[in-house]
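Worksheet for the structure shown next.
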Amino acid sequence: MKPRFIIAGFLLIFAISLFVLATTKKTSKAVMTVRELVKLNQDLPNVRLGARVATAAIEYQTTPEFKLSFEATDAGSKDLATAVVIPVTYRGIKPDTFQTGRDVILEGDFRQGRFEAKTLLTQCPSKYEPPTYSNPSQTGSN
């Protein structure tokens with residue numbers, strides 16, 4: 001191979017790598033915990049929050065608009081008596097997998113001790129169990 005093709009190949013790979021790095025840096029955000037957010041003690045716009053839906057009551061209204069209100073705590077919290085909890089409001093349709101104890105990723109604004117979520121993503125349950133099928137030989141059908 002000629003050296004100019006090798007150099008051109010390296011330059012192309014380098015340019016693509018720079019493009020990927022630049023776009024990734026623009027769109028990536030750190031995920032904060034509830035404890036970190038409360039500890040900052042200030043209003044923050046455009047925050048990504050990783051949390052767990054606390055055991056408090058979940059309120060969901062569908063009229064005049066879809067509105068979901070619940071409390072969130074740190075995803076790793078075992079002892080809810082000492083856990084830091086914040087109220088969350090989400091204006092939108094409640095995801096099917098949303099329930100107490102489920103881990104969620106929220107994006108929105110933290111103002112005056114409340115989190116106003118613009119997006120809400122629920123994580124899949126960690127213990128997936130495939131459906132069980134009956135064995136035809138045990139049911140007597142051949």
Side-chain angles (χ1 to χ4, degrees), residues 1-139 141:
M1 283 186 100
K2 294 188 179 190
R4 66 179 173 182
F5 290 125
I6 295 172
I7 292 171
F10 280 125
L11 287 176
L12 182 63
I13 291 171
F14 181 71
I16 291 172
S17 300
L18 282 179
F19 176 73
V20 169
L21 180 66
T23 55
T24 304
K25 270 189 158 183
K26 247 186 224 182
T27 59
S28 66
K29 262 193 244 178
V31 177
M32 297 184 75
T33 64
V34 173
R35 190 172 298 277
E36 290 170 340
L37 194 59
V38 171
K39 193 175 185 179
L40 287 176
N41 196 25
Q42 64 183 6
D43 292 354
L44 293 172
N46 202 17
V47 177
R48 182 174 288 167
L49 178 67
R52 177 168 290 156
V53 179
T55 56
I58 296 170
E59 295 178 21
Y60 183 55
Q61 75 180 44
T62 57
T63 55
E65 64 180 348
F66 292 104
K67 181 179 173 186
L68 178 64
S69 300
F70 60 97
E71 290 184 336
T73 187
D74 283 329
S77 295
K78 302 267 192 269
D79 183 18
L80 290 177
T82 60
V84 177
V85 177
I86 60 170
V88 176
T89 303
Y90 170 67
R91 297 182 193 292
I93 297 173
K94 180 175 79 165
D96 290 338
T97 56
F98 184 86
Q99 64 185 14
T100 300
R102 184 65 43 102
D103 291 341
V104 293
I105 301 292
L106 306 163
E107 288 188 37
D109 303 324
F110 184 66
R111 292 192 183 105
Q112 300 174 350
R114 293 190 61 85
F115 196 87
E116 299 288 331
K118 295 175 184 166
T119 62
L120 181 141
L121 301 170
T122 58
Q123 295 183 344
C124 295
S126 60
K127 295 181 181 178
Y128 171 74
E129 294 182 18
T132 57
Y133 300 100
S134 61
N135 187 345
S137 64
Q138 291 178 350
T139 59
S141 60

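Fair warning: this is a prediction, and the values are worked out from it, not measured in the lab.
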- Message: Using the rule given for side-chain contact (heavy atoms from CB on, under 4.5 Å), can you reason through Leu37 versus Leu49, listing the C-alpha separation, both sets of side-chain angles and the distance that settles it, and then say yes or no?
- Response: CA-CA 8 Å; Leu37 194 59; Leu49 178 67; 4.1 Å; yes
- Item | By side chain to side chain contact (heavy atoms under 4.5 Å, CB included) - contacts of Gln99 (at least two apart) | Arg102
- According to the side chain to side chain donor-acceptor pair (under 3.5 Å) rule, which pairs have a member within residues 59-69, sequence neighbours left out? Glu65-Arg91
- Query: How would you list all residue pairs meeting ring pair (Phe, Tyr, Trp, His ring centres under 6.0 Å) that involve residues 85-107, not counting sequence neighbours?
  - Reply: Phe70-Phe98
- Message: Give me the atom names and distance for the closest heavy-atom approach of Ala72 to Val88.
- Response: CB-CG2, 3.8 Å
- Is there any side chain to side chain donor-acceptor pair (under 3.5 Å) pair reaching into residues 103-121, and which pairs are they, with sequence neighbours excluded? Lys29-Glu107, Arg48-Glu107, Arg52-Asp103, Thr89-Arg114, Asp109-Arg111, Asp109-Lys118
- By side-chain hydrogen bond (donor to acceptor under 3.5 Å, both in side chains), which residues pair with Gln42, not counting sequence neighbours? none
- CZ on Phe110 to CG on Leu44, rounded to 0.5 Å: 7.5 Å
- Message: When you measure from the side chain of Asp74 to the backbone of Val34, do you find a donor-acceptor pair of N or O atoms at a distance under 3.5 Å?
- Response: yes
- Message: Give me each pair satisfying ring pair (Phe, Tyr, Trp, His ring centres under 6.0 Å) with a member in residues 33-55, each pair once, sequence neighbours excluded.
- Response: none
- Rounding to 0.5 Å, atoms NZ (Lys94) and CG (Leu120) come to a distance of 11.0 Å
- Note on the structure: Applying side-chain hydrogen bond (donor to acceptor under 3.5 Å, both in side chains) to Thr100 and not counting sequence neighbours gives none
- So CG of Leu106 and CG of Leu121: to nearest 0.5 Å the spacing works out to 8.0 Å
